[in-house]
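For the single chain, residues carry numbers from 1 onward in sequence order.
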Amino acid sequence: MSQQPVVYTAGNPRLPWWPLLLAGALIAAIGVGFLVWPFFAASWLLVVLFGSALIANGLALLTRAGGSSAALVGGIVLIGAGVLAIVFSDFTVNAIVAFVGVGLVVFGVLWIAIGARFAGRSPALLVPGVLVLVGGIVALAWPGLALAVVAVIGGICLVLLGSLIIWTANRLRRTRPSATTIVM
């Protein structure tokens, strides 16, 4: 039994391209900000995201509390911790970078220890563990450098992503739905 394709054509003569264009421009601008001011932009974004996540989790806990005093206390503590994380941004950045650095060191050591058992077959198995270990040591020794490197890499990715979204918006601007067929 053969099925006939379902053809969808939109009645709107133009597709909404301008929200994509604005989003792409904003993402690219944030990427440029990361490239121009890597430490400031990365530390500011890290603190805002971390503090906002704590506040959002605290609010979610409060709304789901259901009369539980433990959930009420936990929600209030999370909201307070989020506010303190944003207010004391330097301490928050240093604590997060140190936590990530220690995690990288532990992960690198574990990788090397496990990889050493199989290194007889291929010593290249140790390379990722060594790189992660070195990255963790660098993050602990020079947190500003580690944060700046991550910000520059993130900035390059954001500029590329924003450029791709802008390119897509321009392609979408030239496309008419009446000329487009979607077969389901």
Undergrad: Hey, are the side chains of V48 and I86 touching, using non-hydrogen atoms and a 4.5 Å cut-off?
TA: no
Undergrad: Please name the pair of heavy atoms, one in A151 and one in P38, separated by the smallest distance, quoted to 0.1 Å.
TA: CB-O, 3.3 Å
Undergrad: Can you name the nearest heavy-atom pair linking V132 to G108, along with the distance?
TA: CG1-N, 3.8 Å
Undergrad: When you group the ILVMFWY residues by side-chain heavy-atom contacts below 4.5 Å and let the links chain together, are L62 and V77 in the same group?
TA: no
Undergrad: Are L161 and I156 connected in a single hydrophobic cluster, I mean Ile/Leu/Val/Met/Phe/Trp/Tyr linked by side-chain heavy atoms less than 4.5 Å apart?
TA: no
Undergrad: Are the side chains of L35 and V152 in contact, using a 4.5 Å heavy-atom criterion?
TA: yes
Undergrad: Show the nearest heavy-atom pair for residues V105 and I137, with the distance to one decimal.
TA: CG2-N, 3.8 Å
Undergrad: Which heavy-atom pair separates V97 from A139 by the least distance, and what is that distance?
TA: CG1-O, 3.7 Å
Undergrad: Please check if the side chain of S52 supplies one atom and the backbone of L49 the other of a donor-acceptor pair under 3.5 Å.
TA: no
Undergrad: Same hydrophobic cluster for F34 and I166, using side-chain heavy-atom links shorter than 4.5 Å among ILVMFWY?
TA: yes
Undergrad: Any heavy-atom pair between the side chains of N57 and L61 that's under 4.5 Å?
TA: no
Undergrad: Enter the distance from L158:CG to I165:CD1 here, rounded to the nearest 0.5 Å.
TA: 9.5 Å
Undergrad: Check the hydrophobic clustering (I, L, V, M, F, W, Y; side-chain heavy atoms under 4.5 Å; chains of links allowed) and say if L46 and W37 are grouped together.
TA: no
Undergrad: Within the structure provided, determine whether L133 and L104 are in side-chain contact (heavy-atom separation under 4.5 Å).
TA: no
Undergrad: Shared ILVMFWY cluster between L160 and V36, side chains joined below 4.5 angstrom?
TA: yes
Undergrad: Hey, could you give me the CD1/CG distance between I76 and L59, rounded to the nearest 0.5 Å?
TA: 11.0 Å
Undergrad: The criterion is side-chain contact (heavy atoms from CB on, under 4.5 Å); which residues satisfy it with F99, sequence neighbours excluded?
TA: none
Undergrad: Do T92 and F50 have side chains that get closer than 4.5 Å, going by heavy atoms?
TA: yes
Undergrad: Consider side-chain contact (heavy atoms from CB on, under 4.5 Å). Of L125, V130, L131, which one does V127 pass it with?
TA: L131
